[in-house]
Every structure is written in structure tokens, then in C-alpha cells.
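Read the structure below first, then the notes.
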Amino acid sequence: MGSDVIGVLGADMRQRRMDSLKISNWILAGLATALSLTAGAGAQTGTTPQAQAPQTPAAAPATAAPQKPAAPLQLQNMGQTPPKADPFPQANPKYFTATTPTVDTVNAFLKALWGYDPNRIWRVEAIQTTPAPNISKVVVFVSDKTPGSKVQPTAFFVTPDEKHAVAGDAIVPFGATPFADLRKTLQARADGAARGATGKDLLLVEFSDLQCPHCKEAQGTMDNLVKDFPNARVVYQSFPIVDLHPFAFKAAAYGYCVQKQKNDAFFVYSAAVFETQDALTTETGDETLKNAVTKAGLDPAAVDACAATPATKDQVNASIKLAQDVGVEQTPMLAVNGHLLPLTGIPYETLKTIVSYQACLTA
């Protein structure tokens, strides 16, 4: 199975990596490259190779104690009605040569990623040892309940501490509750201007850059989320990408100073900056930011002085550090109770479904 699955995945992942660069390491389903091959309901999946029956896997070390796969190796189905026929080959115990992770843990991990989609089904077909000590390879066959749907094999690797999965060039949190640690981090450290609920039971954190064109495009989505999820706390967290956007850091610093004076004024300010984004140039950038402050009803001279202080610059740098610590590599990104998603890569109705699902998982 190992070589056949990797062969199938290799060519397909290279093409899909090209198609999905704009949405970075976290795709709709939660993992990039290999696991994004079955990315969300209604998403284009391209050419899907037929899954093959398991072939002889790499030999396991003599000391490995194989799992007992019997009961857990069932067809995973998030809907109430099972599919008419089982599309997967039955899992064979001889392909379960690694002691960790368990099938239950893998299924819980995939449920956290994919459970929002009741049409998706899968089966864990192998958890194998690898030549790298204590690194396990997991093979999963994925399909859906649509008549005639093909079976897609996908594979990823799990680190010895079972805290991360590796798929292609993506390294992502792994475990039965893969987003729990990131959620706690954001609950403690996300300090941007906020809308919605005061509590953090449902926390949506938008990582954004005021000079980023895609972030400007995403503001309608964020406004809709605020309206559709009144129980959510929705935070704008600055992540100025200064290598691409030379005025982004100063715009973020202005934003923190506006927020300090009046939280709600920040969103008037940010809307004004996004509207005049093309004017964030060497010649007109300072005036553009001051005009945005004026529209927010505040004194631009006071905000400019505040933005120049070391304390404010430290706050912007801390926000950048937070984005880096939680694995954000581009903007705009949205963390839904710790689950990172690309804001511009998901249809809104699907995004709403994911938010609702994550809220239920962590209720």
C-alpha cells in the first residue's frame, strides 16, 4: 500500500499545491496538500485517481506491537444515514504495524477537520511504522455519499509525540482535539479590536493587513459573520506583512492607538483605510491614515504621536509574533476556535457551516 499510495498522491499533490498556493498550508478541510484532496463540499477536486487495494507495506520492526484494529476499523460517516454501499476495501490488520497513533485518535482528528460535512465518509486503512524512528504513516481512504463518487487515498505522517501531522510541506496540529492549544493561545493573547459577544466561547480571530488587497475583499465576509453569529467574539488581529506592504506596520500602529481610545472607532478607521488602500504610498500614505482617523472621529495628531511610541510598536510586533506562533503565513486568515482557515478560499455558506460545527465541538 505504502508505495502505491504515495505514487498516486505524489503527482496529484504537486498539481494541487500549484492550485492552492493562495490558501497556504490550511485548506478548507484543515490540512494542506494530501488532506486537501478532499477539501470541502462543492469544492473542485480535479482528477481523482481510483483507490487501490492495499499492497504489501514496508516491513515493521520485529519489536513493534501491532494494534488490534477489529472494532475501530469501521466506515466513518458524519451523517445520520449510512451510504448505500461500503465503497472502501476492508481494513487489513497486517497494515497496522505502528502502536501509535490509534485508529480512534486518527478518526477523532479527521472528524475535527471534516465533521462539518455530513456527506463525507472515510476509513483508516493503515497505520504503519516508517524507517524514521517512532514516526508513523497513516493512510486514509476518503469518499462521499454522492452516487458514483470515487475513493481518494491520502496519507500523512504523525510525529513521535503525536502532536503534529505532516502532509507534503505542511506541518499541522494533530490529536483528538487538534485545535485546543491554539484556541487557548488566542483566548489569552488576541488583543485586537473586537465585535460581538464579550465571552470567548466562540472566538473568531481575523489575521489581517490593512494594505492587503485580499484582506479588503474579505471584509464583507467578516461583516456577515458578525451578523450571523451574534454569540461570537470577532477579533481583528493585525498581521502587517511589511516585506510586501510598506505602510502596513504604520497602519496597524494607528489602528491600535485608535482602539485604545475607542474600540468601535477602530472599525470605522479600518474601513476608511481599506477604501483608500491605493493611496498608501510614500507620497500620500501619511495623509491617508490621518484622514481615516478623522473619519473615526478622533484626533489624527494624537494618534500619530501614539503610533510613534515604542509601546505601540511593541504591541504591533507582539501581534505579528502571535500570528507566527499560531502558524499564520499569509493574510487574510481566520481562526475559528483555533481552526485556521483561508478567508478568501471558502464559499461563505461552507464557512458558516464550519463555524457552526466548531462551535458545537467546543460547546
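The only option from F266, Y269, F267 that meets the ring-ring contact (aromatic ring centres under 6.0 Å, His included) definition with Y236 turns out to be F266.
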Compile the donor-acceptor pairs under 3.5 Å between side chains in residues 291-303 and protein atoms, sequence neighbours left out, one pair per line.
from, atom 1, to, atom 2, distance (Å)
N291, ND2, E287, O, 3.3
T294, OG1, K290, O, 3.1
D299, OD1, A301, N, 3.1

Check residues 213-222 and write down every donor-acceptor pair under 3.5 Å in which the side-chain atom is one partner and the other belongs to a residue at least two apart or another chain.
from, atom 1, to, atom 2, distance (Å)
H214, ND1, E217, OE1, 3.3
K216, NZ, F274, O, 3.3
Q219, NE2, E206, OE2, 2.8
Q219, NE2, C215, O, 2.8

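Aromatic rings from F174 and H164 are positioned such that their centres are separated by 6.0 Å or more.
Listed for the N263 side chain is a donor-acceptor partner under 3.5 Å among the backbone atoms of A194.
One hydrophobic cluster, built from ILVMFWY side chains closer than 4.5 Å, cannot hold both F247 and F207; they sit in different ones. Using a 4.5 Å cut-off between side-chain heavy atoms of Ile, Leu, Val, Met, Phe, Trp and Tyr, with links allowed through other members, F249 and V273 fall into different hydrophobic clusters. Residue V258 is not grouped with residue Y256 when hydrophobic side chains (ILVMFWY) are merged at heavy-atom distances under 4.5 angstrom, including chains of intermediate members. Criterion: ILVMFWY side-chain heavy atoms under 4.5 Å apart, direct or through other members. Under it, V268 and Y254 are not part of a common hydrophobic cluster.
Residues V103 and F96 are in side-chain contact: their nearest non-hydrogen atoms beyond the backbone lie under 4.5 Å apart.
In this structure, a donor-acceptor pair under 3.5 Å is absent between the side chains of T331 and D209.
Legend: residues meeting salt bridge (charged side-chain N to carboxylate O under 4.0 Å, His left out) with R183, ordered by chain and number and at least two apart, are absent.
Summarising the geometry, atom CG belonging to L203 is positioned 14.0 Å from atom NZ belonging to K184; distances are rounded to the nearest 0.5 Å.
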